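Computed from a predicted structure; not experimentally measured. Residue numbering restarts at 1 for every chain, and letters A, B, ... go by the order of the sequence lines.
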Amino acid sequence: MLEKKYNAQEKENKWLEYWKKNKIYEFKPDERKVFSIDTPPPTVNGKIHIGHIFSYSQTEMVARYKRLRGYNIFYPFGFDDNGLPSERLVEKEQGKKAHEIGREEFAKLCYKTTDKYEEEFQTLFSKLGVSTDWNIHYKTVSPATIKISQLSFLDLVSKGHCYHKESPALWCNECLTSIAQAELETKTIKTTFNYINFKTVEDGEEFTIATTRPELLPAIVCVFVNPDDEVHNHLIGKTAHIPVINEDVPIMADEKVAIDKGTGVVMCCTFGDQTDIEWWKKYNLPLKYIFTNDGRIIDEVPTYGGMKIKEARKQIIADLQNGGYVVKIEELEHEVQTHERCGKEVEYAVMKQWFIDIINHKADFLKIGNEIKWHPAHMHARYDEWVNNIAWDWCISRQRYFGVPFPVWYCQKCGEPIFAKKEDLPVNPLVDKPSIQQCPKCQGKEFIPENDIMDTWATSSVTPLINMRYGEKENYEKILKPMSIRTNASDIIRTWDFYTIVKSFYHFGQRPWDNIMISGFVMANKGEKISKSKGNSNAEPMQLINEYSADVIRYWAGSGRLGTDISFSEETLLRGKKLINKIWNVSKFIEMHLADYEDKTFNDFEYIDKWILGTFQEMEKGFIKYLDEFEVGLALNHLEKFFWNFCDNYIEIVKHRLYRPEEFGEIPRYSGQKTVYTILYKLLQDFSIFFPFITEEIYQELYHDEKSIHLTEIKPLKLDFAKEIENGNDIIDIISQARGEKSNKNVSLKTSIKNLTLSLNKELKEAIELAIKDFKATLFIENLNINEINDGYTIDKIELNLDIKEK
RNA sequence: GGGCGUUUAGCUCAGUUGGUUAGAGCAUCUGCCUUACAAGCAGAGGGUCUGCGGUUCGAGUCCGUAAACGCCCACCA
């Protein structure tokens with residue numbers, strides 16, 4: 001028997017245990033088709049916020065839907081614990097920088113810290129009812145993952161897509177590492193635009209250059225003006241004298257200079273920004289790099305050597321002012337590129353880095369993008385836009401400690417890279433030795449290990465390979481190439497999605513997944529993204545689960561359309577709470593009337609029963625259509641609408657028949673029983689996608705034909721009740737109007753109707769006559785008169801029996 | 001500056017391929033303790049579907065255009 005009140009906290013824990021014990025979500029290859037999900041391994045860097053709950057729940061619902069459609073679900077869970085995010089977390093918790101702690105000790109702390117958070121993550125996601133198979137979970141720093149990541153690297157090297165080169169790379173002098181274009185975040189900052197007077201060496205003519213970065217004056221290698229700039233083009237070919245620094249550089253022409261920006265005269269440094277780098281390459285300019293890796297001016301620069309970048313900026317401005325070279329200083333707000341992990345402005349550094357060639361294969365990546373079905377479709381445009389605008393090859397080396405090491409040593413004598421053998425992986429070049437004794441190029445016998453580690457994304461981008469156990473004898477390559485679906489939020493299309501496509505293309509020449517499902521964001525306030533750094537979310541997932549139950553949280557998470565931002569709403573939670581309560585109550589009611597029920601073949605359904613069965617069938621069609629597009633929110637909305645109709649209209653009609661067989665007959669009662677039995681079963685299945693706990697509780701109590709409702713299969717009805725649906729809806733409308741009359745008279749719905757006169761078209765008249773007992777009982781009708789008309793229907797007369805009102 | 005999205009009731013959102021009087025929840029108001037449910041039930045009020053123009057017998061829905069808001073990118077000399 002279902003209890004009077006549903007105790008969510010108690011039941012949810014009970015079913016969690018049960019699912020775990022009975023391995024309900026275990027993945028085992030069998031004859032069924034596999035539906036595989038490439039879920040984002042969350043970055044283990046602190047707390048899970050409501051945004052995680054939102055997007056992971058949506059993926060989870062897709063898994064449950066496909067399971068109910070008979071697929072064998074491959075649904076692993078990963079933790080992204082390697083790389084910079086983990087390092088920063090540890091640095092924050094320890095209050096010390098990595099280099100102060102020491103490489104080995106620091107790595108230990110990273111493992112310890114990420115383990116701790118992973119446990120918390122796992123507990124929370126479990127409590128939420130995530131139907132993942134925890135046996136196939138992975139971590140991005142485990143030996144198995146490191147091996148695959150290194151294997152991927154070696155494969156790309158052997159195919160010529162990965163190269164080691166001294167080249168300018170984006171550099172973060174807070175994190176002391178190079179970074180990739182995708183890790184940039186634009187930020188608006190306040191700075192000054194400084195107008196500085198220069199002179200030509202030849203004739204002492206003054207001209208002005210406006211710059212936001214006067215500290216780069218010692219790095220100037222030349223000055224550019226646009227050849228079409230009538231005011232300045234006579235300067236071309238002359239020599240500019242740099243004030244304060246006292247050096248001379250050539251004045252050159254380039255069309256890229258914007259005549260109307262600043263003064264129209266530009267100083268070119270190596271490296272101030274991307275244009276500088278372009279010019280450096282185009283005109284083969286000398287290299288004059290003046291920053292140290294930790295953000296100071298190099299000692300070789302007179303006066304300013306050793307100063308921090310910002311200090312030097314101040315000092316140079318002061319010196320320029322003293323010399324009378326400053327024309328004016330404007331306050332300026334502009335956008336700068338910052339490192340998304342720390343928020344500090346990025347610089348450029350020149351050193352040997354490992355790059356993956358992406359510039360030369362844009363067309364291939366676009367082609368793969370076209371082969372994948374995007375949900376919602378418009379997210380595809382974001383991907384294409386990103387690919388089209390890529391300006392740099394993907395720099396995958398990071399000058400950090402905690403991550404996947406490169407399986408590489410260098411010959412001390414000639415610098416030739418020596419790669420590890422595939423069968424020796426995973427290797428740590430700092431500890432392990434290369435398998436060869438001497439350099440194949442110069443016969444040198446001493447080797448230097450690669451100190452750098454790989455970018456986090458270099459590993460995250462191989463999650464499909466991790467899932468398929470790439471390189472292992474026993475693997476899932478056959479069933480996971482490609483995987484069925486990738487799911488993530490829109491912010492990492494340019495990183496995770498793109499890089500995964502890059503890797504998949506280079507390794508296998510094919511798409512990594514058939515589908516990609518992009519979720520939106522949870523907004524804290526209107527137009528404000530929830531983020532850990534802002535701390536603007538007061539919705540604590542664990543607290544919410546305890547207060548409302550996982551099913552209710554899932555109701556909120558499952559609302560809304562794919563790719564659309566939603567805001568956290570207490571109101572939606574309340575609505576979910578009411579819905580779940582209703583499911584419980586109607587199940588109790590149905591259980592009550594099924595005490596003597598035996599399921600057997602039966603075709604003699606009452607008219608109203610045909611109506612609701614047909615209506616359900618139609619609803620489920622739409623429900624399935626939405627879910628096949630992965631629109632879980634719209635599917636739920638659709639289902640919910642039917643469910644309230646079922647409760648408020650159908651149950652109100654059928655209850656009389658169920659309660660009083662002596663009045664209605666045993667067969668009509670059985671018809672009602674069979675109908676509620678059938679529909680509740682199907683409703684529970686459909687709802688189980690969203691509410692795995694309460695549906696399991698009711699299913700186990702009432703049906704129990706499988707070990708779990710989550711192992712049942714949705715089998716759509718195949719009835720032909722189109723007429724009954726149409727006329728049934730009209731009957732409901734008439735009932736509703738009659739109830740309205742009672743409401744308007746401020747009387748109870750139990751008030752009987754002394755006389756009701758209806759005018760109905762022929763078809764509807766016949767329908768009501770077939771459902772006459774139900775119809776009369778529902779409205780408490782004493783006398784009913786029906787006239788036949790050609791079209792439509794009207795209530796001609798309704799006379800309430802008000803005598804029994806008082807009591 | 002480029003790409004994409006959003007704009008529907010006081011609030012939060014649905015509205016399949018263009019087709020009767022545009023829907024739901026919350027809020028407001030009026031009633032009803034009806035043998036599952038008062039965490040409920042039955043009703044009522046509330047909308048020039050962001051503006052303008054077009055296609056069509058017919059537009060919330062299609063096309064063009066403008067605005068506001070949001071996301072991503074670029075510019076950053």
Side-chain angles (χ1 to χ4, degrees), chain A residues 2 4-6 181 184-186 188-189 191 193 209-213 216 223-224 256-258 261-269 272-276 279 332-337 376 378-386 388-391 489-491 493-494 520-521 523 526-529 559-561 563-567 569-572 574-593 622 625-626 629 631 633-634 637-638 640-641 644 647-648 651-652 655-656 659-660 735-751 780:
Chain A
L2 297 175
K4 188 158 172 54
K5 292 268 176 205
Y6 175 66
Q181 186 187 356
L184 296 175
E185 192 175 76
T186 35
T188 308
I189 59 151
T191 184
F193 210 18
I209 292 180
T211 178
T212 55
R213 306 208 51 189
L216 282 171
V223 168
F224 280 107
K256 225 194 154 179
V257 179
K261 212 177 223 177
T263 61
V265 188
V266 188
M267 59 191 222
C268 172
C269 323
D273 64 25
Q274 211 170 304
T275 314
D276 287 341
W279 282 330
L332 178 74
E333 264 195 12
H334 74 159
E335 309 253 285
V336 293
Q337 303 278 30
H378 67 81
M379 288 295 176
H380 187 183
R382 293 203 183 192
Y383 171 81
D384 281 354
E385 220 241 336
W386 173 255
N388 280 321
N389 287 309
I390 290 169
S490 57
D491 58 339
I493 291 174
R494 63 185 173 134
F521 284 105
M523 311 301 257
K526 224 181 169 88
E528 198 185 324
K529 213 164 118 179
S559 64
R561 270 195 336 209
T564 306
D565 299 340
I566 69 165
S567 52
S569 144
E570 204 92 28
E571 212 175 76
T572 308
L574 229 61
R575 186 174 166 174
K577 204 171 158 185
K578 280 170 68 170
L579 173 59
I580 281 166
N581 190 45
K582 194 76 175 177
I583 293 174
W584 183 255
N585 283 320
V586 81
S587 299
K588 263 188 341 189
F589 172 81
I590 289 171
E591 182 189 33
M592 220 164 86
H593 293 284
K625 198 176 150 199
Y626 280 132
E629 287 296 315
E631 286 282 8
L634 299 183
N637 196 292
H638 193 64
E640 191 182 349
K641 217 165 153 184
W644 288 100
C647 293
D648 296 341
I651 294 290
E652 286 304 318
K655 70 196 319 182
H656 302 278
Y659 275 120
R660 302 194 299 276
I735 290 174
S736 175
Q737 286 185 43
R739 282 176 178 166
E741 180 61 19
K742 293 183 188 181
S743 260
N744 291 339
K745 292 264 157 61
N746 291 345
V747 297
S748 154
L749 294 179
K750 261 174 83 179
T751 309
F780 302 90

- request: Using a heavy-atom cut-off of under 4.0 Å over every strand shown, decide if Val265(A) touches base, sugar-phosphate, or nothing.
  value: nothing

- prompt: At under 4.0 Å between heavy atoms, what does Ala258(A) touch on the DNA or RNA strands: base, sugar-phosphate, or nothing?
  reply: base

task: Report the residues that fulfil salt bridge (Lys or Arg N to Asp or Glu O under 4.0 Å) with Glu640(A), sequence neighbours left out, ordered by chain and then residue number.
output: Arg575(A)

message: Given 3.5 Å as the limit, does a donor-acceptor pair link the side chain of Asn581(A) with the main chain of Lys577(A), or not?
response: no

Whole-Å gap separating C1' (G40(B)) and CG (Asn581(A)): 9 Å

field: Whole-angstrom distance between U17(B) and U28(B), as gauged at atom C1'
entry: 38 Å

message: As an exercise, state the distance from OG of Ser559(A) to CG of Asn637(A), rounded to the nearest 0.5 Å.
response: 9.0 Å

statement: Of C73(B), U34(B), A77(B), the nucleotide closest to the side chain of Arg494(A) is C73(B)

Nearest-nucleotide pick for Arg739(A), side chain only, options being C37(B), G25(B), G43(B): G43(B)

- prompt: Is the distance from OP1 or OP2 of C32(B) to the nearest side-chain N or O of Ser743(A) less than 4.0 Å?
  reply: no

message: Less than 4.0 angstrom between a side-chain N/O of Arg382(A) and OP1 or OP2 of C73(B), yes or no?
response: no

task: Please tell me if the side chains of Lys582(A) and Trp644(A) come closer than 4.5 Å, counting only heavy atoms from C-beta onward.
output: yes

- prompt: Contact class for Asp384(A) vs. all strands (heavy atom < 4.0 Å): base, sugar-phosphate, or nothing?
  reply: nothing

- prompt: Looking across every strand, which nucleic acid part, if any, lies under 4.0 Å from Phe193(A) by heavy atom: base, sugar-phosphate, or nothing?
  reply: sugar-phosphate

query: Within the structure shown, what part of the strands sits under 4.0 Å from Cys269(A) by heavy-atom distance: base, sugar-phosphate, or nothing?
result: nothing

- prompt: With rounding to whole Å, what would you report as the distance between G58(B) and U20(B) at their P atoms?
  reply: 15 Å

Spacing of the P atoms in A59(B) and C63(B) (rounded, Å): 15 Å

query: What closest approach, in Å, do Ala210(A) and Thr263(A) show between heavy atoms, and which atom pair accounts for it?
result: N-OG1, 3.9 Å

- prompt: With side chains defined as the heavy atoms from C-beta onward, is the minimum distance between Phe521(A) and Asp491(A) less than 4.5 Å?
  reply: yes

Nucleotide G1(B), atom P - distance to CG of Asn389(A) in whole Å: 17 Å

task: Find the distance Asn744(A):CG to C29(B):C1' and express it as a whole number of Å.
output: 13 Å

- request: Look at Thr572(A) and C26(B) and indicate whether a side-chain polar atom (N or O) is within less than 4.0 Å of OP1 or OP2.
  value: no

message: Base, sugar-phosphate or nothing for Thr212(A)? Non-hydrogen atoms, less than 4.0 Å.
response: sugar-phosphate

message: Pick the closest RNA chain B nucleotide for His378(A) and for Arg561(A) by heavy atoms, then say which residue is nearer the 5' end.
response: His378(A)

message: Requiring both pairing distances under 3.5 angstrom, list the stems that contain RNA chain B and are made of three or more consecutive Watson-Crick or G-U pairs.
response: B:1-7 with B:67-73, B:10-13 with B:23-26, B:28-32 with B:40-44, B:50-54 with B:62-66

- request: Assess the pair His378(A) and Tyr383(A): is the distance between their ring centroids shorter than 6.0 Å?
  value: no

query: Closest to the Ser736(A) side chain: G43(B), A77(B), U34(B)?
result: G43(B)

- prompt: If you check every side-chain atom of Ser567(A), which of U16(B), U12(B), C76(B) has the closest atom?
  reply: U12(B)

query: Where the side chain of Arg575(A) is defined as all heavy atoms beyond and including C-beta, which of A24(B), C4(B), G15(B) is the nearest nucleotide?
result: A24(B)

query: When you compare C49(B) with G23(B), how far apart are their C1' atoms, in angstrom units rounded to a whole number?
result: 12 Å

field: Pairwise P distance for G64(B) and G5(B), with rounding to whole Å
entry: 11 Å

- line: Separation of A38(B) atom C1' from Lys578(A) atom NZ, nearest Å, is 11 Å

- request: With P as the reference atom in both, quote the distance from C13(B) to G3(B) in angstrom, rounded to an integer.
  value: 27 Å

- request: Describe the nucleic acid contact of Lys582(A) in one word from base, sugar-phosphate, nothing, applying a heavy-atom distance below 4.0 Å.
  value: base

field: Glu652(A) CD - C32(B) P separation (whole Å)
entry: 18 Å

- prompt: According to a strict under-4.0 Å criterion, is Lys641(A) in side-chain N/O contact with OP1 or OP2 of G25(B)?
  reply: no

message: Heavy atoms from C-beta onward define the side chain here; which of A77(B), A24(B), U16(B) lies closest to that of Met267(A)?
response: A77(B)

message: So Leu634(A), base contact, sugar-phosphate only, or nothing? Heavy-atom distance under 4.0 Å.
response: sugar-phosphate

- request: Find the distance Gln337(A):CD to C76(B):C1' and express it as a whole number of Å.
  value: 8 Å

query: Is the number of heavy atoms from other residues, nucleotides or ligands within 6.0 Å of NZ (Lys641(A)) greater than 12?
result: no

query: Rounded to the nearest Å, what distance is computed from the CD atom of residue Glu185(A) to the P atom of nucleotide A74(B)?
result: 12 Å

message: Between C1' on U34(B) and CD1 on Ile735(A), what's the gap in Å once rounded to a whole number?
response: 15 Å

- prompt: If only side-chain N and O atoms of Thr211(A) are considered, is one of them under 4.0 Å from the OP1 or OP2 phosphate oxygen of A77(B)?
  reply: no

message: Under 4.0 Å, heavy atoms only, any strand: does Trp584(A) hit a base, just the sugar-phosphate, or nothing?
response: nothing

message: Under 4.0 Å, counting only non-hydrogen atoms across every strand here, what does Thr275(A) touch: a base, just sugar-phosphate, or nothing?
response: sugar-phosphate

query: Do the ring planes of Trp584(A) and Tyr6(A) sit parallel (below 30°), tilted (30 to 60°) or perpendicular (above 60°)?
result: tilted

- prompt: Under 3.5 Å, is there a donor-acceptor pair between the side chain of Lys742(A) and the main chain of Val747(A)?
  reply: no

field: Nucleotide of A39(B), A14(B), G43(B) approaching Lys577(A) most closely (side-chain heavy atoms)
entry: A39(B)

statement: Winner on side-chain proximity to Glu571(A), out of A14(B), U35(B), C11(B), is C11(B)

query: For atom C1', what is the distance between A14(B) and C4(B), given to the nearest Å?
result: 22 Å

- request: Report yes if some heavy atom in the side chain of Phe589(A) is under 4.5 Å from a heavy atom in the side chain of Ile651(A); otherwise report no.
  value: yes

message: Please give the distance between the P atoms of U6(B) and A22(B) as a whole number of Å.
response: 23 Å

task: Confirm from the modelled atom types if Glu385(A) and G2(B) form a donor-acceptor pair under 3.5 Å, side chain to base only.
output: yes

query: How do Met379(A) and Thr564(A) order along RNA chain B: which one's closest nucleotide is nearer the 5' end?
result: Met379(A)

